[in-house]
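Have a look at the structure below before the remarks.
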Amino acid sequence: MAQKPSTPKGTRDFSPNEMVRRNYIFDTIKQVFQRYGYLPIETPAMENLSTLMGKYGEEGDKLIFKILNSGDFKEGVDLSLNSKQLTNKISEKALKYDLTVPFARYVVQHQHEITFPFKRYQIQPVWRADRPQKGRYREFYQCDADVIGSTSLLNEVDLVQMIDEVFTTLKVPALIKINNRKILNGIAEIIGEKEKIVTITVAIDKLDKIGIDGVNKELQENGLSNEAIQKLQPLIEFQGTTLEKLNFLKKLLASSNIGLSGIEEVEYIFKTINNLKLNSADIELDITLARGLNYYTGAIFEVKATIGTLTSSICGGGRYDDLTSIFGLLNMSGVGISFGADRIYDVMNELNLYPESVTESTKLLFVTFGEAEQNYCLPLLSIVRKAGLNSEIYPDANAKMKKQMSYADDKKIPFVVIVGSDEMESGLLSLKNMATGEQEKISIDNIIKKIK
RNA sequence: GUGGCCAUAGUUCAGUUGGUUAGAAUAUCGGUUUGUGGUACCGAGGGUCGUGGGUUCGAGCCCCAUUGGCCACCCCA
């Protein structure tokens with residue numbers, strides 16, 4: 001019996017009309033990256049398991065797709081080990097979980113060939129063993145741009161401008177949220193719960209979803225003292241403009257050096273951006289923005305689309321001061337952003353934000369009535385192609401005209417050339433504009449001039 | 001990893017308290033129209049009802065398990 005074909009859970013196929021839309025997104029992002037001086041690299045789909053483990057927190061480790069060792073993977077393995085130990089025995093490779101950690105590995109491995117600061121971009125799929133749902137896939141493309149080997153905040157400014165430029169071009173209204181891990185550290189310091197920083201940030205991050213009572217409850221459950229929770233209240237509740245937020249924080253964190261340095265960084269980024277002006281994106285300081293990935297140490301970014309039903313982020317990033325030290329390279333601060341191409345694709349599909357031209361690939365189709373006409377058209381087809389026009393001829397000589405026209409219509413080909421005995425005699429071809437239905441007799445040279 | 005809803009043609013869905021041969025729309029192919037597409041009309045092909053088991057004289061419908069999908073939590077792009 002034939003088995004019912006399907007793709008694995010959380011993965012999908014992309015047909016031609018979907019791929020042209022996706023490529024439009026990829027091309028837009030790529031162009032912006034290159035305009036800001038970033039160059040492409042590529043890393044393997046799989047990494048050594050040891051490269052990835054421990055970089056994304058305990059939850060992240062569980063979500064890494066592990067690859068079973070080839071050969072008899074259970075030979076010589078003590079099967080009574082617990083699953084975590086067993087995993088390390090039977091799997092030594094894994095599919096990459098993001099592009100940032102493999103990039104850190106790349107930088108350390110190639111440090112002697114690289115001129116710093118090093119600006120690279122990378123557009124590749126990553127895999128997560130998450131349970132799929134709206135906007136969440138097990139295979140999805142990330143589009144990363146990172147600078148490594150520079151602590152200048154100008155890099156952060158650059159990245160914000162790039163985000164604005166991408167979403168302006170794609171016509172996706174976007175809100176860029178910015179915060180700084182140092183501010184969060186400062187807050188943890190002030191309320192006397194320095195070591196609970198992760199708990200605090202994760203809880204605060206949920207403010208939008210569960211409200212202030214929910215956040216307090218979660219903090220309490222995670223062992224934060226009532227005193228600390230009380231001290232946290234004015235901060236969580238604070239509303240105001242970015243300037244007001246900054247002034248408020250300056251007072252609150254006056255005794256925390258790390259907190260003040262975070263404020264200073266944010267202030268610089270906002271001032272500079274305000275002077276330069278963004279094209280369309282909105283930007284705000286969100287002191288409840290935390291982000292889960294453990295490696296961030298400075299600025300953190302998150303971008304959401306302000307239209308459509310997708311509420312999760314479509315772009316995220318931040319500064320990491322210490323990521324390469326795990327692989328033995330110290331003092332190499334980096335900052336980067338990652339566009340979630342699949343989520344951007346979903347938002348754009350929902351609202352149909354694509355320009356008309358993206359679906360158009362072939363410009364001109366030769367419609368013929370038989371072999372003689374086909375042979376007559378072949379040299380013409382070459383001429384048209386050499387002139388740089390995407391064009392094709394219907395391959396089956398005996399196909400009815402209706403079929404050939406339907407083909408053109410279905411493929412959204414804007415022009416067809418119809419060639420029969422009249423045309424072959426006169427050398428003037430019938431050119432039909434599929435949108436208007438107009439038709440004229442015209443030479444091949446004029447066709448090229450007209451369409452190009 | 002936890003919870004909720006769902007699963008019938010390629011796709012979107014009907015299918016009565018369990019009852020004979022499982023329907024529609026759309027898509028595909030063909031025809032009306034062998035030099036004119038997107039409209040219209042006619043016709044054809046396409047389903048062991050996700051899979052496995054159970055209850056029953058009888059299951060698309062009821063029960064159990066399993067797999068997959070959607071959604072929420074967790075986490076994240």
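Keep in mind that the numbers below use all heavy atoms, side chains included, and drop hydrogens, waters and symmetry copies. To find a chain, count down the sequence lines: A is the first, B the second, and so on, and within it residues start at 1.
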Base B:G38 paired with A:Asp409 side chain (donor-acceptor, <3.5 Å): no
Sugar-phosphate, base or nothing in reach of A:Gly420, heavy atoms under 4.0 Å: base
Atom-to-atom span, CG of A:Asp13 to P of B:U11 - whole angstrom: 12 Å
Nucleotide paired to B:U34 in any strand shown, Watson-Crick or G-U, under 3.5 Å: none
Separation between the C1' atoms of B:C73 and B:C49, rounded to whole Å: 33 Å
B:U16 versus B:A77 - spacing of their C1' atoms, nearest Å: 47 Å
Sugar-phosphate, base or nothing in reach of A:Cys315, heavy atoms under 4.0 Å: sugar-phosphate
Nearest listed nucleotide, side chain of A:Arg128, among B:A77, B:G35, B:G37: B:A77
Carboxylate-amine/guanidinium proximity below 4.0 Å for A:Glu47 and A:Lys55: no
Strand partner of B:C13, provided both Watson-Crick or wobble distances fall under 3.5 Å: B:G23
Neighbour count above 12 (heavy atom, 6.0 Å) for A:Glu58 CD: no
Closest to side chain of A:Asp422, choosing from B:G30, B:G35, B:C76: B:G35
Distance in angstrom units between A:Arg138 CZ and B:C70 P, rounded: 11 Å
Gap between atom OG of A:Ser325 and atom CE of A:Met332 - 0.5 Å precision: 11.5 Å
Options B:U36, B:G37, B:C76, nucleotide nearest the side-chain atoms of A:Ser312: B:C76
Sugar-phosphate only, base, or nothing, as touched by A:Gly60 at under 4.0 Å among non-hydrogen atoms: nothing
hbond_proxy A:Glu423 side chain to B:G35 base (donor-acceptor, 3.5 Å cutoff): yes
Listed nucleotide nearest any side-chain atom of A:Met405, set B:G37, B:A72, B:G35: B:G37
Sugar-phosphate, base or nothing in reach of A:Lys432, heavy atoms under 4.0 Å: base
A:Tyr56 OH to B:A77 P, straight-line distance once rounded to whole Å: 10 Å
B:G43 versus B:G4 - spacing of their C1' atoms, nearest Å: 46 Å
Touch class at under 4.0 angstrom, heavy-atom based, for A:Thr7 against every strand present: nothing
Phosphate-side-chain proximity, A:Gln133 and B:C71, N/O vs OP1/OP2 below 4.0 Å: no
Polar side-chain contact A:Lys402-B:U36 base: donor and acceptor under 3.5 Å: no
Within-4.5 Å side-chain heavy-atom neighbours: A:Arg128 and A:Lys62: no
Sugar-phosphate only, base, or nothing, as touched by A:Gly437 at under 4.0 Å among non-hydrogen atoms: base
Phosphate-side-chain proximity, A:Lys206 and B:C75, N/O vs OP1/OP2 below 4.0 Å: yes
Carboxylate-amine/guanidinium proximity below 4.0 Å for A:Arg138 and A:Asp130: no
Atom-to-atom span, CG of A:Leu63 to P of B:A77 - whole angstrom: 11 Å
Protein-nucleotide distance (A:Lys134, atom NZ; B:C73, atom C1'), rounded to Å: 17 Å
B:U28 - base-pair partner by Watson-Crick or wobble geometry, distances under 3.5 Å: B:A44
A:Lys119/A:Asp158 ion pair, N-O < 4.0 Å: yes
Euclidean distance for P, B:A24 against B:G15 (whole angstrom): 15 Å
Base of B:G37 and ring of A:Tyr407 stacked, centres under 5.5 Å, planes under 30°: no
Closest to side chain of A:Lys9, choosing from B:G69, B:C73, B:U36: B:G69
Inter-nucleotide C1' distance (B:G46, B:A25), Å rounded: 15 Å
Presence of donor-acceptor pair under 3.5 Å, side chain of A:Arg131 and base of B:G3: yes
Over-ring placement of A:Arg12 relative to A:Tyr137, 6.0 Å and 45° cut-offs: yes
Distance, P atom - from B:A59 to B:A22, rounded to whole angstrom: 14 Å
Rounded distance in Å between the P positions of B:G50 and B:A9: 7 Å
Assigned partner base of B:U2, Watson-Crick or wobble definition, under 3.5 Å: B:A72
Sugar-phosphate only, base, or nothing, as touched by A:Ala435 at under 4.0 Å among non-hydrogen atoms: base
Sugar-phosphate, base or nothing in reach of A:Lys412, heavy atoms under 4.0 Å: nothing
Face-on cation placement of A:Arg22 at A:Tyr345 ring, 6.0 Å and 45° thresholds: yes
Distance-only donor-acceptor test (3.5 Å): side chain A:Gln404, base B:U36: no
Sugar-phosphate only, base, or nothing, as touched by A:Ile314 at under 4.0 Å among non-hydrogen atoms: sugar-phosphate
Spacing of A:Phe140 atom CZ relative to B:C75 atom P, expressed in whole Å: 16 Å
Toward the 5' end of RNA chain B, by each residue's nearest nucleotide, A:Thr11 or A:Ser430: A:Ser430
Sugar-phosphate only, base, or nothing, as touched by A:Gly370 at under 4.0 Å among non-hydrogen atoms: nothing
Given B:G30, B:C71, B:C70, the nucleotide with the shortest approach to the side chain of A:Lys403: B:G30
Pairing of A:Glu392 and A:Lys411 as salt bridge, 4.0 angstrom limit: yes
Sugar-phosphate, base or nothing in reach of A:Tyr137, heavy atoms under 4.0 Å: base
Length of the line joining A:Leu310:CG and B:C71:P, which is rounded to integer Å: 10 Å
Whole-Å distance separating the CG atom of A:Asn433 from the P atom of B:U36: 18 Å
Nearest-angstrom distance, C1' atom, B:C57 to B:G47: 26 Å
